[in-house]
*Asks:* 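Handing you this structure, nothing more for now.
Just so you know, residue 1 is the first one in the sequence shown, and it goes up from there. Since this is a predicted model, take the numbers as computed values, not measurements.
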Amino acid sequence: LAQLQESGGGSVQAGGSLRLSCQAPRDIYNYDCMGWFRQAPGKEREGVMSISTRGKAIYPGANSMSGRVTISKDNAKNTVELNMTNLKPEDSAMYHCAAGTCSVIVGGPWKFLKAWGQGTQVTVSS
């Protein structure tokens, strides 16, 4: 898989905010969709939110972050950002950026992703 680079993770207290950034090595327009996933120890990977790189479509993940997370893109900088607010301890996880066709980003199987990042850790304390 091509490598994406995430940044912006860290430790915050409950109620705090974080902005994660994902840097792609090439024009994100080529990817069709980019998205954020998270995985906590002992839990399955879950989608947080995804965005079309060629249009305006945004795909919320089936998780508990609804209303607390937004996603944006900058085609000129080849970046996608995830803005998270009102963070909760249960949001603690490794957050990964991914790229691929929208059908794969949204519905899988994730083994067909075109690019993946090593992740950035988010830790929320109560």
*Asks:* Tabulate below the donor-acceptor pairs under 3.5 Å that side-chain atoms of residues 6-13 make, not counting sequence neighbours, or state none.
*Replies:*
from	atom 1	to	atom 2	distance (Å)
E6	OE1	Q118	N	3.3
E6	OE1	G119	N	2.9
E6	OE2	C97	N	2.8
E6	OE2	G119	N	3.3

*Asks:* Which heavy atom of I58 sits nearest a heavy atom of P60, and at what distance?
*Replies:*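 Nearest pair, atom of I58 first, then P60: O-CD, 3.5 Å.
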*Asks:* Which pairs count as ring pair (Phe, Tyr, Trp, His ring centres under 6.0 Å) when at least one residue sits in residues 44-66, sequence neighbours excluded?
*Replies:*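 Listed once each, the pairs would be none.
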*Asks:* Any idea which heavy atoms bring A99 and M34 closest together, and the distance?
*Replies:*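 That closest heavy-atom pairing would be CB-CG, 3.8 Å.
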*Asks:* Determine which pairs satisfy salt bridge (charged side-chain N to carboxylate O under 4.0 Å, His left out) with at least one residue from residues 93-106, sequence neighbours left out, and list them in order.
*Replies:*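 Sorted pair list comes back empty.
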*Asks:* Please report the shortest heavy-atom distance between T53 and I28, naming the atom on each side.
*Replies:*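 T53 and I28 have their closest heavy atoms at OG1-O, 2.9 Å.
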*Asks:* Check residues 83-93 and write down every donor-acceptor pair under 3.5 Å in which the side-chain atom is one partner and the other belongs to a residue at least two apart or another chain.
*Replies:*
from	atom 1	to	atom 2	distance (Å)
T85	OG1	R68	O	3.3
D91	OD1	R38	NH1	2.9
D91	OD1	R68	NH2	3.1
D91	OD2	R68	NH1	2.7
D91	OD2	R68	NH2	3.3
D91	OD2	K88	N	2.8
S92	OG	P89	O	2.9
S92	OG	V124	N	2.8
S92	OG	V124	O	3.4

*Asks:* P109: what forms a side chain to side chain contact (heavy atoms under 4.5 Å, CB included) with it, not counting sequence neighbours?
*Replies:*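 Applying side chain to side chain contact (heavy atoms under 4.5 Å, CB included) to P109 gives K111, F112.
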*Asks:* Nearest 0.5 angstrom please: D74 CG to T79 OG1, how far?
*Replies:*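 D74 CG to T79 OG1: 4.5 Å, rounded to 0.5 Å.
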*Asks:* So which pairs with a foot in residues 7-28 pass salt bridge (charged side-chain N to carboxylate O under 4.0 Å, His left out), sequence neighbours left out?
*Replies:*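 Listed once each, the pairs are R19-E81.
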*Asks:* Give every residue pair that meets the ring pair (Phe, Tyr, Trp, His ring centres under 6.0 Å) criterion with at least one member in residues 8-29, sequence neighbours excluded.
*Replies:*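 The answer is none; no pair qualifies.
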*Asks:* Would you please name every residue forming a side-chain hydrogen bond (donor to acceptor under 3.5 Å, both in side chains) with Q5, sequence neighbours left out?
*Replies:*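 By the side-chain hydrogen bond (donor to acceptor under 3.5 Å, both in side chains) rule, Q5 matches no residue at all.
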*Asks:* Could you give the distance from NZ (K77) to OG (S21), rounded to the nearest 0.5 Å?
*Replies:*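 Result: 9.0 Å between the selected atoms.
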*Asks:* A side-chain contact here means heavy atoms from C-beta on lying under 4.5 Å apart; do W110 and W116 qualify?
*Replies:*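 No, side chains not in contact.
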*Asks:* Would M94 and M49 show up in the same hydrophobic cluster when neighbours are defined by side-chain heavy atoms closer than 4.5 Å?
*Replies:*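 M94 and M49: separate clusters.
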*Asks:* Which pair of heavy atoms, one from G47 and one from F37, lies closest together, and at what distance?
*Replies:*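 It is CA-CD2, 3.6 Å.
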*Asks:* Excluding sequence neighbours, so at least two apart, what forms ring-ring contact (aromatic ring centres under 6.0 Å, His included) with Y95?
*Replies:*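 In terms of ring-ring contact (aromatic ring centres under 6.0 Å, His included), with neighbours along the sequence ignored, Y95 is linked to no residue.
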*Asks:* Measure across C33 and S52 and return the closest heavy-atom pair with its distance rounded to 0.1 Å.
*Replies:*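 It is SG-CA, 3.7 Å.
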*Asks:* Just by modelled atom types, is the Q23 backbone N or O under 3.5 Å from a matching donor or acceptor in the N78 side chain?
*Replies:*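 Not at all, since once roles are kept as given, no pair shorter than 3.5 Å links the two residues.
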